[in-house]
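These notes are about the structure you will find just below.
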Amino acid sequence: MTSLLADIAVNAPVRNLFSYRVPAALAEKLRVGARVQAPFGRRSIVGVAVRLYQGDGSELKELRDCLDEAPLLDDQLLRLLRWAADYYHHPFGQVIKNALPGGLMRSSGQTGIATEYLYRRINRDICPAGRRQQQILSWIEQQGGAAAGQIRAEFPSPTTVLKRLVELGCLEQSEGERLRDPFLLEPVPSDKQLTLNDAQQQALEQMIDALSARRFQSFLLHGVTGSGKTEVYLRAVADCLQQGRQALILVPEISLTPQLVSRFRARFEPLGEQIATLHSGLSGGERYDAWRAISRGQVNIVIGARSAIFAPLPQLGLIIVDEEHDGSYKQGEGFRYHARDLALVRGQQQPCAVVLGSATPSLASSYRCEQGSCTLLLLPERVHAGALPAVELVDLRTEALRGVLAESLITAITTALEQRQQVLLLLNRRGFAPFLLCTDCGTSFHCPNCEITLTYHQRRRRMICHYCDYQDQVPDICPACRGESITPQGAGTERLEEDLAGLFPAARIARMDRDTTRTKGSHQRIVNGMMAEEVDILVGTQMIAKGHDFPNVALVGVLGADSLLNLPDFRCAERSFALLTQVAGRAGRSLGGGKVFIQTYHPEHFSLTCAATHDVEGFYQQELPFRRELGYPPCGHLVNLIFSGNNGDQVNNSATQLARRLQAVAGDVEILGPSPCPLTRLRGKYRYQILLKSPSRPPLRRLLFAVDNAAAELPRQVAIHIDIDPLDMF
DNA sequence: AGCACGCCGACT
DNA sequence: GTCGGCGTGCTC
């Protein structure tokens, strides 16, 4: 006896598919790519149908329901997800869950309408005692009521305080649909059509060639900052749309690159094109709306962050990955995929053109060009002919520091301010000071969950862990020696801001880091302040190096460049070089002749000297032999196995045992470790890692199945995470 | 992941 | 004697 059967990728961390009988009532409706509700053990879970076929299903259970009239995932997308599940060795159902807008794989089966609590001030005569309660309450009152999400954006973890305020009777709590506030209500910016220079024109022609042939081809668009990459993107997208096909643009983080979104809106909205954005700032409902609009074919341009690589565009013709070197394209937890790498795969499968753009291409992409699998397109000049800035490496071994600033940098800032030019200072460490120390007895303060010191935040009068967000009051007297000499050590952006205020009392100083850009629109406010020249000095973390273009910045200073070089990671030179080159490119964009000062104890290090001379090619030539010699990417391939658990010895023993088992079947694969992770203890868990290294991928892949087998015999309290092509080893 | 089953310590 | 700890196994 034969009946209709379905293979289901279920939302559970299991590697295999599960087969079910399709009841007659669903046979008409059910399609591959649709979600289903299925009995699973004693419970009922959501899954996606990935195969329908005839067979004998007498021993199988029946599907309970089909949740979608039209499939959520088309065949093309399922194929990509299948490939990704395979490559990243991650359960198919979990991969699908990552691709779909949030909530769609939850067992409750509800679709995208998300609700949250809304709060409103009532009973004005009741006044709470706590300072934090008062703060939050008066803020809510000022806003005329607020949603939980908005409050959370303003104050860290306010849930308990809110609960207390409701209990006291001065806040009213209600539940409502989460506010949808798409940026599409904002006015369309005006477009400026720019003429292309020769290099831009040539790059565009090669892209158009691939577009019209409708073949897969990947390009690395390597253009210095200000060389007009965006205009090339715009033209290529226009060509793609003209063919009746669609374009997908990936950016590291949308909230940091509103200028790119504006340019696209300015160019294409007047032509009647709808643009959708996909990013983490979207509420569940907004994301669901966008997703459905895209899959119905109503949207021809999608701009989004990492997960937008899974946007369900049915007629995809072009994928652009802007700032392709950016590490945020790699997801660091759970399903650890790399969106740029998947873009290349999706392009190949489609087939369609893929453009990777950067001023500082990743070694991986440069290497692909060298190997001939990617076409290099060079934009060597700045569009407005502004010369690249002169970079000076300030040797801290010979030059004195005043606070955190070298004398020569202070002089340069003074000059810039006198000439009414703006200054940008990069210090890649937020807070006031990286740790507090009792200078009487040497006690310092550590996070109870992580192996790291607590960062002192003066503004908030707290010590905070930058990894798990643990917070504590700063003690007045040392808990060990009862002394009163607890002093901040080292400097973060907060302290730099304060020092500058002392050195340049007349200057208007702003700070941009995670602490000052917590709330919606605050990042944009700081950017606007810079644009309007209401700010003389902008202090910030690497955030200031990304995306925006400040035309009146004449001087850039980099402090603490060495901390980037000293990370325990083979890619730290590449990352330093990219960051320094990016931030250096911020100087003198319209004026020409900007200056950059980089303070360092290693002025001879090639990632600094190459950044100083804007020598991307030179950096590549020096870094590659080192990677080749050690078999590191892009010359070899890595897999990181991360073991974690509450009991350090148990984690260590498990890792050791597994390493021994792997050793027996390693073949060509080098097995390094186990060793403690650079952050041995993180969020209360002890962590060890085993690094697998191999000149080719197939033996690595084979070894993963041995990992599965061996892992089944480890204690359950030890979790194993597999990171394919790890970007950083934290 | 859940949710069962199963086997050992402290309670009415 | 049982209530409940969490270690182990399975889900079509």
Side-chain angles (χ1 to χ4, degrees), chain A residues 1-27 29-67 78 81-82 84-85 88-110 331-337 642-655 657-658 661 683-686 705 707-723:
Chain A
M1 166 178 163
T2 164
S3 54
L4 184 60
L5 309 181
D7 281 354
I8 308 297
V10 297
N11 179 22
V14 286
R15 229 160 258 296
N16 44 329
L17 296 174
F18 288 76
S19 309
Y20 291 86
R21 239 172 326 119
V22 182
L26 297 180
K29 190 180 167 192
L30 184 63
R31 296 274 180 284
V32 165
R35 288 175 307 151
V36 296
Q37 193 79 47
F40 197 65
R42 312 237 150 177
R43 62 217 167 95
S44 171
I45 57 161
V46 178
V48 168
V50 296
R51 190 165 80 97
L52 294 173
Y53 55 101
Q54 291 289 331
D56 171 32
S58 46
E59 287 150 51
L60 301 179
K61 290 189 183 174
E62 278 194 343
L63 289 178
R64 221 157 259 165
D65 202 3
C66 171
L67 301 175
L78 271 175
L81 295 172
R82 162 115 256 171
Y88 290 106
H89 206 72
H90 201 73
F92 197 10
Q94 307 287 88
V95 168
I96 291 174
K97 188 183 177 174
N98 269 273
L100 290 175
L104 292 185
M105 292 288 274
R106 257 193 304 250
S107 345
S108 57
Q110 278 309 302
Q331 176 140 37
E333 309 206 285
F335 170 36
R336 299 167 188 245
Y337 64 98
I642 303 146
F643 297 73
S644 66
N646 295 320
N647 180 333
D649 288 337
Q650 194 184 33
V651 175
N652 190 2
N653 292 339
S654 302
Q657 192 189 324
L658 196 131
R661 298 274 302 266
R683 295 170 221 275
K685 304 265 188 219
Y686 290 88
F705 294 95
V707 171
D708 284 344
N709 292 333
E713 284 163 40
L714 294 182
R716 274 253 289 245
Q717 301 93 301
V718 178
I720 302 187
H721 298 283
I722 299 177
D723 192 352

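Order of the sequence lines sets the chain letters (A, B, ...), proteins ahead of strands, with each chain counted from 1. If you're wondering where the values come from, they're calculated on a predicted model, not measured in any experiment.
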Plane angle bin for A/His90 and A/Phe335 - parallel if under 30°, tilted between 30 and 60°, otherwise perpendicular
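Answer is parallel, since the angle falls under 30°.
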
Is a donor on one side and an acceptor on the other found under 3.5 Å between the side chain of A/Tyr88 and the backbone of A/Val95?
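Pair absent, no side-chain N/O of A/Tyr88 close to backbone of A/Val95.
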
Between [atom2] on [N] and [atom1] on [X], what's the gap in Å once rounded to a whole number?
X        : N      : atom1 : atom2 : result
A/Gln94  : B/dG2  : CD    : C1'   : 12 Å
A/Arg42  : B/dA1  : CZ    : C1'   : 17 Å
A/Ile45  : C/dT11 : CD1   : P     : 13 Å
A/Asn11  : B/dG2  : CG    : P     : 8 Å
A/Asn98  : B/dA1  : CG    : P     : 14 Å
A/Arg21  : C/dC12 : CZ    : P     : 13 Å
A/Met105 : B/dG2  : CE    : P     : 13 Å
A/Phe40  : B/dG2  : CZ    : P     : 11 Å

Side-chain-base donor-acceptor pair under 3.5 Å for A/Arg43 and B/dA4:
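Absent.
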
Test item: side-chain donor near acceptor, A/Thr2 and A/Asp56, under 3.5 Å:
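Note: A/Thr2 and A/Asp56 side chains miss the donor-acceptor criterion.
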
Of the nucleotides [options], which has the atom closest to the [X] side chain?
X        : options              : result
A/Val14  : C/dC12, B/dC5, B/dA1 : B/dA1
A/Asn16  : C/dC12, B/dG2, B/dC5 : C/dC12
A/Arg716 : B/dC5, C/dT11, B/dG2 : B/dG2

How is A/Tyr20 classified with respect to the nucleic acid when contacts are heavy atoms under 4.0 Å: base, sugar-phosphate, or nothing?
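Result for A/Tyr20 = sugar-phosphate.
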
If I compare all heavy atoms of A/Asn647 with all of A/Tyr686, which pair ends up nearest, and what's the gap?
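The pair with the smallest heavy-atom distance is C-CD1, 4.2 Å.
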
